[in-house]
*Asks:* 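Here it is, the structure, as structure tokens.
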Amino acid sequence: MCSPSSRPSLASDAPIGIFDSGIGGLTVAHAMAQAMPAERMLYFGDTAHMPYGDRSPELVRTYSVRIAQYLKDEGCKAIVIACNSASATAREAVAEAVGPDTPVIDVVQPVVGDLVARAVRRIGIIGTRATIGSGIYGRSLVAAMAAEPGDGLTDSGARVEEWPTPLLASLIEEGWQDHPLMLPVIRSYLDAAGWMTEGRATLDALVLGCTHYPLAWEAFRTVAGPDVELVDGPAIVARAVAQELDRRGLSSEAKSAKAADHQFLVSDLTENFKRSSERFFGTEIPLNPGGPWFKG
Ligand code: DGL
């Protein structure tokens with residue numbers, strides 16, 4: 001995309017670098033394309049090393065830093081960590097690696113900010129083992145609501161609880177987001193978390209803390225019931241990216257970006273990833289092999 005001679009350096013017309021363990025982050029890329037039609041994106045999915053959700057924090061950090069450096073070297077003006085597992089474990093390491101002139105936006109803090117601003121009270125958070133094991137959502141919410149971390153209760157009286165749901169990303173990756181089997185699996189998890197009473201979730205909001213989960217929106221809605229707010233992470237993150245670019249004077253001045261200006265790379269390209277990428281982005285996209293580990 002950017003040859004060394006033409007590489008823009010932090011110019012507003014440079015692409016936004018965005019990465020995930022695989023193709024789940026395309027839900028965030030799609031929300032960004034909708035919210036910021038003038039921005040170009042360079043997306044990288046580390047399909048060769050997924051799932052990050054079952055890897056150690058050290059390994060996720062190693063992969064994430066390498067990818068962020070690659071995106072910066074390609075001339076990206078900002079880095080979006082479109083993966084909850086990487087956001088939970090590697091945000092500081094990524095920010096340190098790319099330096100203060102390159103904004104880094106993760107998918108956790110914008111959602112935390114949104115919930116705090118709206119004073120949502122009983123919050124359930126689901127995600128991979130890496131995300132939930134890190135305790136990042138609970139810790140950040142409790143800290144932002146200015147209380148001592150501990151029992152999940154904040155001084156504003158909000159209750160924050162986290163529960164790992166490791167099977168869900170694989171089922172969605174497999175295209176089973178609308179399969180009848182999704183319902184008992186989601187119900188079992190919410191039940192085990194202690195959030196179900198009389199067939200409905202007793203939460204004010206359920207945070208879908210994995211970039212795959214928005215694809216199964218209807219299944220979550222069916223199980224949780226009509227009164228639970230499903231938190232739309234990708235849309236919130238897209239707004240946060242737009243605000244950060246604006247704040248730093250990095251927003252594109254182009255009228256609009258053509259879809260052809262986006263670039264979508266994965267570290268291991270299979271037919272299945274090609275097929276699935278359309279479901280995650282909403283339209284067909286040209287997925288190509290590339291990125292930091294590519295020796296093409
Ligand atoms: N996209 C990842 C996330 O948001 C889930 C998939 C994985 O485990 O790699 O956590």
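Whatever order the structure lists them in is the order used to number ligands and atoms, beginning at 1. What you see below is based on every heavy atom in this structure, not just the backbone, and it leaves out hydrogens, waters and symmetry mates.
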*Asks:* Show me, by chain and number, every protein residue that has a heavy-atom distance under 4.0 Å to ligand 1.
*Replies:*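 Lining ligand 1 at under 4.0 Å, by heavy atoms, one finds Asp20, Ser21, Pro51, Tyr52, Gly53, Cys83, Asn84, Ser85, Thr128, Cys210, Thr211, His212.
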*Asks:* Do Glu39 and Lys77 make a side-chain contact, defined as non-hydrogen atoms from C-beta onward lying under 4.5 Å apart?
*Replies:*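 Yes, at least one pair of side-chain atoms sits under 4.5 Å.
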*Asks:* Under 3.5 Å, is there a donor-acceptor pair between the Arg91 and Gln109 side chains?
*Replies:*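 No - no donor-acceptor pair under 3.5 Å links their side chains.
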*Asks:* Looking at Lys274 and Glu271, does any basic side-chain N land under 4.0 Å from a carboxylate oxygen?
*Replies:*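 Between Glu271 and Lys274 there is a salt bridge, with a charged N closer than 4.0 Å to a carboxylate O.
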*Asks:* Assess the pair Phe281 and Phe264: is the distance between their ring centroids shorter than 6.0 Å?
*Replies:*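 Ring centroids of Phe281 and Phe264 are less than 6.0 Å from each other.
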*Asks:* Would you check if there is a donor-acceptor pair between the side chains of Ser252 and Arg40 at a distance under 3.5 Å?
*Replies:*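 Result is no, nothing qualifies.
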*Asks:* With sequence neighbours excluded, tell me which residues meet side-chain contact (heavy atoms from CB on, under 4.5 Å) with Thr89.
*Replies:*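 With neighbours one apart ignored, the set is Pro57, Val60, Arg61.
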